[in-house]
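Structure first, commentary second.
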Amino acid sequence: MSSPFFGSTSIFLVVLIGTFVICTEGAPRAFFVFGDSLVDNGNNNYLLTSARADSPPYGIDYPTHRPTGRFSNGFNIPDLISQELGAEPTLPYLDPELTGDKLLVGANFASAGIGILNDTGIQFANIIRISQQIQNFQQYQARVSALIGEEQTERLVNGALVLITLGGNDYVNNYFLTPVTVRRLQYNLQDFSVYIISEYRKILRRLYDLGARRVLVTGSGPLGCVPSSLAARSTNGECAEEPQRASAIFNPLLVQMIQGLNQELGSDVFVAANAVEMQNDFIKNPQAFGFVTSKIACCGQGPYNGVGICTAVSNLCPNRDIYAFWDPFHPSERANKLIVQTIFTGSDKYMTPMNLSTIMAIDSL
């Protein structure tokens, strides 16, 4: 129901929350999250939309064993990054509890179903498109300024870690949504990918202009290998060719764009996480990572449990840890843990120009 796997992971990211992780200036380091369902931790619960994860069995392995709005059986990628940093998780921006000192920890602005383009996810109706997420970020800064002053707010934002995950939905819930779409009539797959990367660049530059100085950007996951693609497009269990080709085009273009943007800014502001490479490892050889399958979703129905969405009447696996995918689109909590490990310690095959541990070491100097 929104960006598939890692990525869009639809999976790459940037993070650092601050249960008052202290920067060199002595200010708390905040964590901000933008993007789609791979990183939404409950904003869509407050919206009239079908893109929601607020009913069982979502959240079955979360500490409360209740749905939270995360598109996972438990924790999602931002949660796990926060845990690695020893920080408390950010609250959804629409959560009424996000007030006072909690604002200084950061905020999660993400909304399931959105993409780089405004016409992505129109079938979900009321979702927070990326332009609105950025407006909410500006509003957030005004709220924090009222709390601690403009100068301290600027320092907090400059010192923050940011994670943004976009792109998968622009293919799955736009370009490939039906056999004939407006975007398919406009563009071939290569030209569409070039177009959305050019639009993504504007979004990243806008975040920089608003003060973001460490931004983790996840590429799209292996779109052709998620259970929904297998159910809709695969005859023999092989990854669907066209969506998989989209991932193979999008991710290198993203890395190239980020390298160019960093060069223009004269600093490694943006870090690309290659979600396709991360996920392909355990999709191609699930047993090596302790999974029984990377084809069948834990929760779903139809072939590969890849049809429709995960609901209380879906098939549900008893052991989520041995499934790479939780639902037709999204990784399981355990798969998310593997992704986050790679974000922290992965080689330049996965992380460009550096991994998150290196960022942490540089920023602590």
*Ignoring hydrogens and geometry, is there a side-chain-to-backbone donor-acceptor pair from Tyr323 to Ala335 under 3.5 Å?*
no
*Could you tell me whether Arg245 and Glu241 make a salt bridge, using a distance below 4.0 angstrom between a side-chain N and a carboxylate O?*
no
*Is it true that Ile116 and Val182 fall in one hydrophobic cluster, defined by side-chain heavy atoms closer than 4.5 Å?*
no
*Would you say Gln301 has more than 12 foreign heavy atoms packed within less than 6.0 Å of its CD?*
yes
_When you compare the side chains of Ser247 and Ser220, does any donor N or O come within less than 3.5 Å of an acceptor on the partner?_
yes
*Can any side-chain N or O of Asn158 pair as donor or acceptor with the backbone N or O of Gly211 at less than 3.5 Å?*
yes
*Taking the side chain from Ser364 and the backbone from Ala361, do they hold a donor-acceptor pair closer than 3.5 Å?*
yes
*Measuring from Ile148:CD1 to Thr153:OG1, what's the distance to the nearest 0.5 Å?*
4.0 Å
_Sub-4.5 Å side-chain heavy-atom contact between Pro227 and Asn305_ = no
*Taking everything shown except Leu147 itself, do over 12 heavy atoms lie less than 6.0 Å from its CG?*
yes
*Can you find a pair of side-chain heavy atoms, one from Val105 and one from Phe31, that are under 4.5 Å apart?*
no
*Determine, stepwise, if the pair Cys317 / Cys299 fulfils disulfide (SG to SG under 2.5 Å).*
CA-CA 7 Å; Cys317 67; Cys299 181; over 6 Å; no
_Neighbour count above 12 (heavy atom, 6.0 Å) for Leu48 CG_ = no
*Hey, does the side chain of Asn43 reach the backbone of Ala110 with a donor-acceptor pair shorter than 3.5 angstrom?*
yes
*Using a cut-off of 6.0 Å, state whether more than 12 heavy atoms not belonging to Arg143 lie near its atom CZ.*
yes
*Aromatic contact, Phe34 with Phe137 (centres under 6.0 Å)*: yes
*Of all the heavy-atom pairs spanning Asn45 and Arg52, show the shortest one and how long it is.*
O-NH2, 3.1 Å
*Would you call the rings of His330 and Phe71 parallel, tilted or perpendicular if under 30° counts as parallel and over 60° as perpendicular?*
tilted
*If you measure from CZ on Phe291 to OG on Ser332, what distance do you get to the nearest 0.5 Å?*
4.5 Å
*Once the angle between the rings of Tyr140 and Phe109 is folded into 0 to 90°, is it parallel (under 30°), tilted (30 to 60°) or perpendicular (over 60°)?*
perpendicular
*Looking only at heavy atoms, which two atoms of Ile258 and Phe270 are closest? And how far apart?*
CG2-O, 3.5 Å
*Any donor-acceptor pair under 3.5 Å linking the side chain of Ser193 with the backbone of Ile249?*
no
*Can Ile322 be reached from Leu230 by stepping across I, L, V, M, F, W or Y side chains whose heavy atoms are under 4.5 Å apart?*
yes
_Candidates Asp40, Asp54, Asp79, Asn336 - the one meeting side-chain hydrogen bond (donor to acceptor under 3.5 Å, both in side chains) with Arg70_ = Asp79
*asked:* I'd like to check Ile81 versus Leu356 (side-chain heavy atoms, cut-off strictly below 4.5 Å). Are they in contact?
replied: yes
*Is it possible for you to say whether Val194 and Ile203 belong to one hydrophobic cluster, with membership spreading through side-chain heavy-atom contacts below 4.5 Å?*
yes
*For residues Phe250 and Ile196, determine if any side-chain heavy atom of one lies less than 4.5 Å from a side-chain heavy atom of the other.*
yes
*Salt bridge Arg201-Glu264, side-chain N to carboxylate O under 4.0 Å*: yes
*Electrostatic pair Asp321-Arg334, nearest N-O below 4.0 angstrom*: no
*What are the two closest heavy atoms between Leu98 and Pro92, and how far apart are they?*
CD2-O, 3.9 Å
*Rounded to the nearest 0.5 Å, what separation is found between the OH atom of Tyr350 and the CG atom of Asn274?*
9.0 Å
*asked:* Under a 3.5 Å distance rule, please check whether Thr49 uses its side chain to pair with a backbone N or O of Phe124 as donor and acceptor.
replied: yes
*Hey, is the main chain of Leu223 close enough, under 3.5 Å, to the side chain of Ser229 for a donor-acceptor pair?*
yes
*With the side chain counted from C-beta on, respond yes when Gln341 and Leu80 share a heavy-atom pair under 4.5 Å apart, and no when they do not.*
no
*Assess whether side-chain contact (heavy atoms from CB on, under 4.5 Å) is satisfied between Ile164 and Gln133, documenting all intermediate values.*
CA-CA 11 Å; Ile164 184 166; Gln133 290 184 30; over 6 Å; no
*Shared hydrophobic cluster, Ile339 / Ile359 (ILVMFWY, side-chain heavy atoms < 4.5 Å)*: yes
*Stepwise, does the side-chain contact (heavy atoms from CB on, under 4.5 Å) test hold for Ile343 with Met278?*
CA-CA 9 Å; Ile343 286 168; Met278 291 179 187; 3.9 Å; yes
_side chain to side chain donor-acceptor pair (under 3.5 Å) partners of residues 117-132, not counting sequence neighbours, each pair once_ = Asp119-Asn174, Asp119-Arg183, Thr120-Asp170, Thr120-Asn174, Gln123-Asn173, Gln132-Asn136
*Salt bridge Glu150-Arg155, side-chain N to carboxylate O under 4.0 Å*: no
_As an exercise, state the distance from CG of Leu94 to CG of Asn44, rounded to the nearest 0.5 Å._
8.5 Å
*Please tell me if the side chains of Phe325 and Val226 come closer than 4.5 Å, counting only heavy atoms from C-beta onward.*
yes
*Mind checking the NE2-CD1 spacing from His65 to Ile60? Nearest 0.5 Å is all I need.*
9.0 Å
*Under 4.5 Å between any side-chain heavy atoms of Glu88 and Ser82, yes or no?*
no
_Asn355 and Phe344, any side-chain heavy atoms less than 4.5 Å apart_ = no
*Backbone N or O of Val269 within a donor-acceptor pair of the Asn262 side chain at under 3.5 Å?*
yes
*Checking side-chain contact (heavy atoms from CB on, under 4.5 Å) for the pair Asn41/Asn76: CA distance, chi angles, key distance, verdict?*
CA-CA 8 Å; Asn41 68 345; Asn76 64 9; 4.1 Å; yes
*asked:* Under the rule for salt bridge (charged side-chain N to carboxylate O under 4.0 Å, His left out), what residues qualify as partners of Arg213, not counting sequence neighbours?
replied: none
*asked:* Are there over 12 heavy-atom neighbours, none belonging to Gln256, within less than 6.0 Å of that residue's CD?
replied: no
*Which is it for Arg214 and Arg29 under the side-chain contact (heavy atoms from CB on, under 4.5 Å) test, yes or no, and what are the steps along the way?*
CA-CA 11 Å; Arg214 283 294 190 198; Arg29 189 164 203 176; 3.6 Å; yes
_Verify same cluster id: Leu338, Val292 (apolar side-chain graph, 4.5 Å)_ = no
*Taking the SG atom of each, are Cys225 and Cys239 under 2.5 Å apart?*
yes
_Among Tyr62, Tyr58, Phe75, ring pair (Phe, Tyr, Trp, His ring centres under 6.0 Å) partner for Trp326_ = Tyr58
_Using the rule side-chain contact (heavy atoms from CB on, under 4.5 Å), only one of Leu166, Leu117, Ile130 pairs with Glu199; which is it?_
Leu117
*Between atom CD of Gln244 and atom CG of Asn280, what is the distance when rounded to the nearest 0.5 Å?*
6.0 Å
*Taking the six-membered ring for Trp and the full ring for Phe, Tyr or His, determine whether the centres of Phe192 and Tyr171 are under 6.0 Å apart.*
yes
